[in-house]
Amino acid sequence: MDFSSVQKYLLSKHQAKETFPSGPDVAVYKVCHKMFATLTQESGVARVNLKCDPEEAVALRAKYLAVQPGHHMNKKHWNTVFLDGTIPDNEIQRMIDNSYELVINNLPSDELARLLASKP
């Protein structure tokens, strides 16, 4: 996946919003005001930060060279995924899905109920 396809996939998540709180260089993706991803490009290489279960985060780092501890994030709970073409698209989508699910599953019950009720 490249920058554009990841951006589209992130925004396809239910109620996902793209914001730029730190300026135009880093897009922050939130659901219910909680961040589940960031997306940026530096020196021609796109990268996405994704929330991850700590044990899976370590396993993904061991499996893929393009997965590193979260850049400017809590390295226990976040991975940085370099979009260099070495990770299959379906695996990147799975990581995005997982990040989104981790965030919504930790929402307060009333907020989660409103989110789920608004699904088409």
Spacing of [atom1] belonging to [X] relative to [atom2] belonging to [Y], to within rounding of 0.5 Å:
{"X": "Tyr29", "Y": "Ile96", "atom1": "OH", "atom2": "CD1", "answer": "9.5 Å"}
{"X": "Arg94", "Y": "Ser99", "atom1": "CZ", "atom2": "OG", "answer": "11.0 Å"}
{"X": "Ser12", "Y": "Gln93", "atom1": "OG", "atom2": "CD", "answer": "8.0 Å"}
{"X": "Met35", "Y": "Lys30", "atom1": "CE", "atom2": "NZ", "answer": "7.5 Å"}

ring-ring contact (aromatic ring centres under 6.0 Å, His included): pairs with one or both residues in residues 94-118, sequence neighbours excluded |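 Counting only pairs at least two positions apart or across chains, the ring-ring contact (aromatic ring centres under 6.0 Å, His included) contacts touching residues 94-118 are Phe36-Tyr100.
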Before giving the answer on side chain to side chain donor-acceptor pair (under 3.5 Å), spell out for Glu56 and Asn98 the whole-Å C-alpha distance, their side-chain angles and the decisive distance to 0.1 Å.
-> CA-CA 10 Å; Glu56 184 181 3; Asn98 185 47; 3.3 Å; yes
Over all atoms of both residues, closest heavy-atom pair of [X] and [Y]:
{"X": "Arg61", "Y": "Trp78", "value": "NH2-O, 3.1 Å"}
{"X": "Ala16", "Y": "Leu10", "value": "CB-O, 3.3 Å"}
{"X": "Cys52", "Y": "Ala57", "value": "SG-N, 3.5 Å"}
{"X": "Gln15", "Y": "Ser118", "value": "NE2-OG, 3.7 Å"}

If a pair satisfies side-chain hydrogen bond (donor to acceptor under 3.5 Å, both in side chains) and one of its residues is in residues 39-53, list it, with sequence neighbours excluded.
->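 Qualifying pairs, neighbours excluded: Thr38-Asn49, Arg47-His71, Asn49-Thr80.
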Pairs flagged by side-chain hydrogen bond (donor to acceptor under 3.5 Å, both in side chains) wherever residues 107-116 is involved - sequence neighbours left out |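 Output for this query is empty, none listed.
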Side chains of Thr86 and Asp84: is there a donor and an acceptor less than 3.5 Å apart?
->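 Looking only at side-chain atoms, Asp84 and Thr86 do form a donor-acceptor pair, the distance falling under 3.5 Å.
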Asp89 side-chain N/O to Met1 backbone N/O, donor-acceptor pair under 3.5 Å |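 Yes: the side chain of Asp89 pairs with the backbone of Met1.
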More than 12 heavy atoms from other groups under 6.0 Å of CG on Leu11 =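 More than 12 heavy atoms, drawn from other residues, nucleotides or ligands, come within 6.0 Å of this atom.
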Heavy-atom count around Lys75 NZ within 6.0 Å, excluding the residue itself: above 12?
->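 Result for NZ/Lys75: enclosed.
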Report yes or no: do Met95 and Leu39 belong to one cluster of Ile/Leu/Val/Met/Phe/Trp/Tyr joined by side chain heavy-atom distances under 4.5 Å?
->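 Shared cluster, yes.
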